[in-house]
Colleague: 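First the structure, then my questions, so here it is.
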Amino acid sequence: MSSLSREKPRQRSQPVPHKGGVSWWDSLSPERKMDLLGVLLALLGLLSLLSLFSSHHGILTRWWVTALQLMGGDGAFILPLVFLLFGFWLVLRNVDRFPSPSIERGTGLLLLYWVILAVFHLYQGGGWELAAAGKGGGYIGALLERLLVSAIGQAGAWVVLLAGFLLGVIMTADISMVDLVSSVESLVHRMRQESKRSRERLSAVERKRSSPVSLPQSPEQREELPEDFKPLPVHENELPPTTKPSVLAPSVKKGGGGSRLASSWDSSSRPEDEKPIPSSQQIWQLPSVDEILDPPVEETIQTNVDAERARLIEETLASFGAPVHVVEISRGPTVTQFGVEPDFIETRSGRMRVRVGKIAALADDLALALAAPRIRIQAPVPGRHYVGIEVPNIQISRVMLKEVIESEAFRKIRSPLRFALGKDVAGHSVAYDLATMPHLLIAGTTGSGKSVCVNSILTCLLLHNSPVELRLILVDPKRVELTGYNGIPHLLAPVVTEAEKVVGALQWVQREMDARYHRFSQSGVRNIAEYNRKFSPPLPYLVVLVDELADLMMMAPEETERSLTRLAQLARATGIHLVLATQRPSVDVITGLIKANFPARIAFAVASGVDSRVILDQPGAERLLGRGDMLFQAPDASAPVRIQGVYVSDLEIQRLVDFWRLQDMNVRATQRMAADPNMAEPVNMDLPPSVPLTQVPLFDAEMGGREGDPLLEEAKRIVRQEGKASISMLQRKLRIGYTRAARLIDALEEAGIIGPASPTSQVREVLDWENGEE
Ligand SMILES: Nc1ncnc2c1ncn2[C@@H]1O[C@H](COP(=O)(O)OP(=O)(O)OP(=O)(O)O)[C@@H](O)[C@H]1O
């Protein structure tokens with residue numbers, strides 16, 4: 001096992017120092033200059049704030065405070081505050097969590113500053129005298145206020161200032177107007193619902209207080225109460241305390257008119273065992289990332305190796321007649337990228353730069369010189385003025401899922417379907433939103449890291465979504481990769497392992513998609529996000545994950561291709577997303593039609609350039625190192641990016657699966673208890689991992705389970721063998737849900753195999769021992 005090494009982000013990009021620096025300032029690296037500037041700005045901001053709020057001033061500070069007040073009036077404190085925050089930001093700029101700078105953000109902040117000062121000024125009556133007195137918005141605010149009032153009057157000025165404020169917020173927060181409106185809309189919606197709920201709670205308390213049933217005391221009894229008696233607070237729906245924001249299960253809509261919004265999701269097409277628990281009191285608690293995921297490992301850095309390698313690259317290329325100089329070194333977890341700029345050479349037609357193609361052709365010679373297994377040359381790096389030479393690190397770092405989940409790149413994606421992908425060649429975290437992709441194709445040879453990638457996507461989804469928000473269909477013909485997820489409440493059916501059932505599953509997903517479109521058109525909305533904003537209960541997202549596409553394409557190529565293509569073309573708006581993985585990147589598995597509809601693709605290491613072309617339409621993946629080293633082609637990117645995928649261990653997955661399984665069992669037990677306390681029995685928490693459930697997938701039930709339950713024969717055998725029958729026994733032995741076991745008991749009673757229920761016990765007598773085993 002390799003020991004791990006990772007540099008701190010600040011040290012990853014090291015511009016090579018130019019020779020012959022002159023002054024002290026010039027000899028500082030740009031990084032150090034930014035640090036110094038940050039500290040100075042923060043100091044200036046802090047001193048200015050202290051001076052503004054203190055009454056004792058020196059000559060310098062008195063002059064500075066007067067200047068600030070003349071400039072900003074009552075908003076004089078804003079500028080020092082900005083200095084302080086900007087200084088801090090500069091010092092901490094490499095911490096992933098801080099937003100990245102841009103000209104747009106800076107302009108937005110300036111605009112906000114100006115508009116706020118103008119508002120201060122206008123609010124206090126406006127005019128230059130106010131500014132001269134150091135009041136209102138000072139001269140800066142007065143300038144804009146005067147301009148606006150003299151040009152368009154006071155009312156017009158308010159309108160323009162409001163528009164300027166909105167524009168400033170949009171630019172600073174880097175969001176679109178639509179996002180701003182929809183977040184305000186959802187905030188208002190949430191506040192309204194909250195106030196409605198608290199009003200209902202209040203009126204319930206009032207009702208209880210005034211209810212003659214709850215206080216049936218006679219006047220004499222009432223007199224017996226002590227004077228300071230206070231009734232205990234009344235708690236409706238008392239539930240166990242939750243530590244995290246909880247997600248309520250969909251509540252049944254009053255007068256919902258099932259027919260209007262009927263989808264196959266809700267009722268008819270699903271066997272009752274598989275239904276989400278329809279309890280309005282049900283609360284799903286999301287897992288805590290800290291408890292599920294392992295912390296990242298701190299690693300040591302080897303900076304001298306990079307300098308030595310940079311020298312070797314320059315020497316080797318020069319010896320082949322392609323002189324270059326290294327201008328940038330970016331260290332990632334698996335590879336280090338050396339950015340080289342071609343130098344000039346003398347040719348017969350004069351002085352000209354070394355051709356980029358010539359450098360690319362020397363990849364194998366470079367690999368030999370650097371004693372590296374494989375080298376990939378990106379010529380040129382998109383958006384940069386240099387050629388990227390990617391050399392594998394001597395010590396490869398493992399990118400733990402937790403560090404990417406906690407990065408700014410991940411946090412800034414506000415979507416339930418966001419997932420952590422890994423780190424790029426500069427060591428920056430990379431995360432994406434499956435909803436925007438909107439489907440993903442993953443390919444690579446065996447052992448290249450596909451399953452780890454699929455598991456990491458699933459882990460991210462399960463960490464951030466309850467079964468009310470997300471449902472899954474997992475297809476795993478290999479039977480070893482995904483069956484461990486059996487038993488989690490997000491699954492619409494146990495993991496599909498038989499290839500013959502997959503076509504049925506895909507057809508079911510198509511019907512669900514059509515039902516959702518129908519529902520949207522009746523409700524006048526365009527997509528799932530809009531629907532969930534406006535209606536309750538919300539529709540869950542649906543992710544279909546296929547771990548080996550090749551098996552399906554071998555068995556039913558036409559039907560599989562047709563279903564996948566139709567879903568890929570249409571399902572996005574309905575919240576249905578596909579993730580397909582295969583270890584056979586050949587044209588009969590990844591057909592042209594499938595490829596055309598899956599613009600987001602991940603290529604792990606493959607055997608040849610031809611395979612790489614099948615996935616990415618270009619070579620490159622054959623030079624990857626395996627074990628999570630990938631090329632990711634985003635739908636909107638011009639070229640694929642090299643990423644080291646996140647690693648998620650079996651233990652982490654097990655913790656997550658156990659968390660959801662246990663919660664599901666508890667919720668079901670609570671529901672049974674609420675339905676009929678006599679029937680409830682302690683839940684068996686010792687379900688061993690990866691138990692293959694014997695439930696019939698919902699697609700089977702939908703396709704023709706009307707003639708009777710296929711488990712009936714098995715149930716007959718069991719009751720005869722045990723000499724007694726009960727619902728819970730069948731649940732345990734057949735690993736099925738309560739409703740289905742109850743139906744089986746009814747069927748057994750109807751067939752005269754067991755006796756009727758007795759009022760005192762749930763255990764039934766066996767009447768018909770025919771064909772019984774001993
Ligand atoms: N992102 C990663 N970081 C570190 N190691 C990884 C990563 N991904 C995969 N590996 C290593 O590579 C091994 C093989 O990965 P994985 O099982 O995902 O390959 P695969 O492509 O799914 O192979 P198969 O098709 O045979 O299942 C893993 O056991 C793990 O040790």
Side-chain angles (χ1 to χ4, degrees), residues 1-6 293-297 299 332-335 373-374 392-405 407 410 419-425 427-432 440-460 474-485 495 497 499 545-554 579-586 589-590 601-607 611-612 614-615 621-622 624-632 641-654 690:
M1 215 172 80
S2 59
S3 65
L4 311 168
S5 95
R6 184 167 55 91
L293 300 182
D294 294 332
V297 193
E299 290 135 17
T334 325
V335 294
R374 279 172 189 184
N393 291 341
I394 297 168
Q395 290 172 324
I396 291 177
S397 316
R398 207 167 244 192
V399 180
M400 298 305 284
L401 180 55
K402 191 166 181 223
E403 53 183 309
V404 182
I405 281 194
S407 70
F410 186 85
F419 65 91
L421 201 55
K423 286 192 174 183
D424 64 14
V425 286
H428 299 306
S429 298
V430 183
Y432 272 92
L440 179 63
L441 186 64
I442 304 171
T445 54
T446 171
S448 56
K450 292 182 307 296
S451 303
V452 172
C453 176
V454 164
N455 278 313
S456 68
I457 295 175
L458 270 176
T459 306
C460 285
L474 305 184
V475 179
D476 178 17
K478 286 193 269 178
R479 291 163 194 260
V480 284
E481 301 295 355
L482 302 176
T483 41
Y485 290 93
V495 176
T497 49
L545 216 144
V546 180
D547 191 50
E548 186 46 84
L549 179 64
D551 292 7
L552 316 185
M553 289 301 284
M554 292 304 107
V579 178
L580 308 181
T582 182
Q583 57 171 277
R584 281 196 34 200
S586 54
V589 176
I590 305 179
R601 296 177 219 146
I602 293 177
F604 284 100
V606 292
D611 289 352
S612 176
V614 172
I615 315 163
E622 75 283 1
L624 295 175
L625 304 170
R627 302 173 74 87
D629 189 16
M630 66 167 95
L631 283 174
F632 172 63
V641 216
R642 189 164 186 177
I643 290 170
Q644 172 61 34
V646 286
Y647 181 79
V648 55
S649 67
D650 291 346
L651 198 67
E652 289 167 310
I653 299 171
Q654 196 55 51
S690 316

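Indexing begins at 1, ligand by ligand and atom by atom, following the structure's order.
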Colleague: Does atom 20 (P) of ligand 1 have a protein heavy-atom neighbour under 4.0 Å away?
Modeller: yes

Colleague: Which heavy atom of Val606 sits nearest a heavy atom of Ser612, and at what distance?
Modeller: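 Heavy atoms of Val606 and Ser612 come nearest at CG2-N, 3.8 Å.
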
Colleague: Relative to atom 7 (C) of ligand 1, which among Lys423, Met630, Arg627, Arg584 owns the nearest non-hydrogen atom?
Modeller: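 Comparing heavy atoms across Lys423, Met630, Arg627, Arg584, the nearest one to atom 7 (C) of ligand 1 lies in Arg627.
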
Colleague: Identify, by atom number and element, the atoms of ligand 1 in contact range of Val646, meaning under 4.0 Å from any of its heavy atoms.
Modeller: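 Per the distance check, 1 (N).
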
Colleague: Of the protein's non-hydrogen atoms, which lies at the shortest distance from atom 1 (N) of ligand 1, and what is that distance?
Modeller: Gly645 O, 2.9 Å

Colleague: Which atom pair, heavy atoms only, marks the closest approach of Phe604 to Gly449?
Modeller: CZ-O, 3.6 Å

Colleague: Measure the distance from atom 17 (O) of ligand 1 to every protein heavy atom, then report the residue, atom name and distance (to 0.1 Å) of the closest one.
Modeller: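 Protein heavy atom with the smallest distance to atom 17 (O) of ligand 1: Ser451 CB, 4.0 Å.
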
Colleague: Using a strict cut-off of 4.0 Å, indicate which atoms of ligand 1 neighbour a heavy atom of Gln583.
Modeller: 25 (O)

Colleague: For atom 16 (P) of ligand 1, which of Gly449, Ala605, Gly628 has the closest heavy atom?
Modeller: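 Considering heavy atoms of Gly449, Ala605, Gly628, the nearest to atom 16 (P) of ligand 1 sits in Gly449.
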
Colleague: Indicate the atoms forming the closest heavy-atom contact of Val495 with Thr483, along with that distance.
Modeller: CG2-CA, 4.0 Å

Colleague: Give the residue, atom name and distance (to 0.1 Å) of the protein heavy atom nearest atom 25 (O) of ligand 1.
Modeller: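 That would be Lys450 NZ, 2.9 Å.
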
Colleague: Would you indicate whether the side-chain heavy atoms of Val454 and Leu482 approach each other to under 4.5 Å?
Modeller: yes

Colleague: Could you tell me which non-hydrogen atom of Ala603 sits nearest to which non-hydrogen atom of Leu624, and how far apart they are?
Modeller: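 Smallest heavy-atom distance, with atoms named: O-CD1, 3.4 Å.
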
Colleague: Give me the residue, atom name and distance of the protein heavy atom closest to atom 24 (P) of ligand 1.
Modeller: Thr446 OG1, 3.6 Å

Colleague: Exactly one of Leu458, Val579, Ile602 should register a side chain to side chain contact (heavy atoms under 4.5 Å, CB included) with Cys453. Which one does?
Modeller: Ile602

Colleague: Which heavy atom of Val399 sits nearest to which heavy atom of Gly645, and what is that distance?
Modeller: CB-O, 4.0 Å

Colleague: Is the closest side-chain heavy-atom distance between Met553 and Arg584 below 4.5 Å?
Modeller: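 No, every pair of side-chain atoms sits at 4.5 Å or beyond.
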
Colleague: Before accepting this row, confirm whether a basic side-chain N of the pair Arg642/Asp629 lies closer than 4.0 Å to the acidic partner's carboxylate O.
Modeller: yes

Colleague: Please list the nearest protein heavy atom to atom 30 (C) of ligand 1 with its residue and the distance rounded to 0.1 Å.
Modeller: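 Of every protein heavy atom, Tyr647 CE1, 4.0 Å lies nearest to atom 30 (C) of ligand 1.
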
Colleague: Is there any N or O on Lys478 that sits under 3.5 Å from an N or O of ligand 1?
Modeller: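 It does: an N or O of Lys478 is found under 3.5 Å from an N or O of ligand 1.
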
Colleague: Is any side-chain N of the basic residue among Lys450 and Glu481 closer than 4.0 Å to the acidic one's carboxylate O?
Modeller: no

Colleague: Can you pull out the closest protein heavy atom to atom 3 (N) of ligand 1? Residue, atom name and distance to 0.1 Å, please.
Modeller: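 Looking only at protein heavy atoms, the one closest to atom 3 (N) of ligand 1 is Gln644 NE2, 3.4 Å.
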
Colleague: Determine whether any heavy atom of Thr445 lies closer than 4.0 Å to an atom of ligand 1.
Modeller: yes

Colleague: Would Gly447 count as a contact of ligand 1 if the rule is a heavy atom under 4.0 Å away?
Modeller: yes

Colleague: What atoms of ligand 1 come within less than 4.0 Å of a heavy atom belonging to Glu481?
Modeller: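 This gives 27 (O) as the contact atoms.
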
Colleague: Among protein heavy atoms, which sits nearest to atom 28 (C) of ligand 1, and what does the distance come to when rounded to 0.1 Å?
Modeller: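 It is Val452 CG2, 4.3 Å.
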
